[in-house]
Amino acid sequence: CKVLISSRYSSTIAKRLRASQTISLSDEPRSLKLAIMQYVSQRLQLLHDKFQQLGLVQKDVEGLARVITNKADGMQLSPRPAIEIITHRR
């Protein structure tokens, strides 16, 4: 039986799974950053019409995606809260 456990780093979980095979995304920083960028870009694309109304061009949105990605990666934060704030602001 195979089980996938996904979480932020936790010493308790790490101790219990020490003998098991594990994959850590922190061991793959380039792939993790690319995955975050793809997620952020897809979510921002859903806001295309709103950004257009604000006079933002694609280059602005790409810059925003880079900023969110860098903040999420550098601070080990999920990009989801930043995207949610942008999505729900009026």
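Note that this is a predicted model, so its numbers are computed, not measured. Only heavy atoms go into these numbers, but all of them, side chains included; no hydrogens, no water, no symmetry mates.
- Side-chain heavy atoms closer than 4.5 Å link hydrophobic residues (I, L, V, M, F, W, Y) into clusters, and following such links, possibly through other members, connects L47 to L64.
- Every residue meeting the side-chain contact (heavy atoms from CB on, under 4.5 Å) condition with L56, not counting sequence neighbours, appears here in chain and number order: F51, L54, D60.
- Residues satisfying the side-chain contact (heavy atoms from CB on, under 4.5 Å) test with Q58, not counting sequence neighbours, are Q45, E62.
- Expressed to the nearest 0.5 Å, how far CD of Q53 lies from NE2 of H48 amounts to 11.0 Å.
- Contact between I68 and V40 at its shortest, heavy atoms only, is CG2-CG2, 3.7 Å.
- Atom CG of L46 and atom OG of S41 lie 11.0 Å apart (nearest 0.5 Å).
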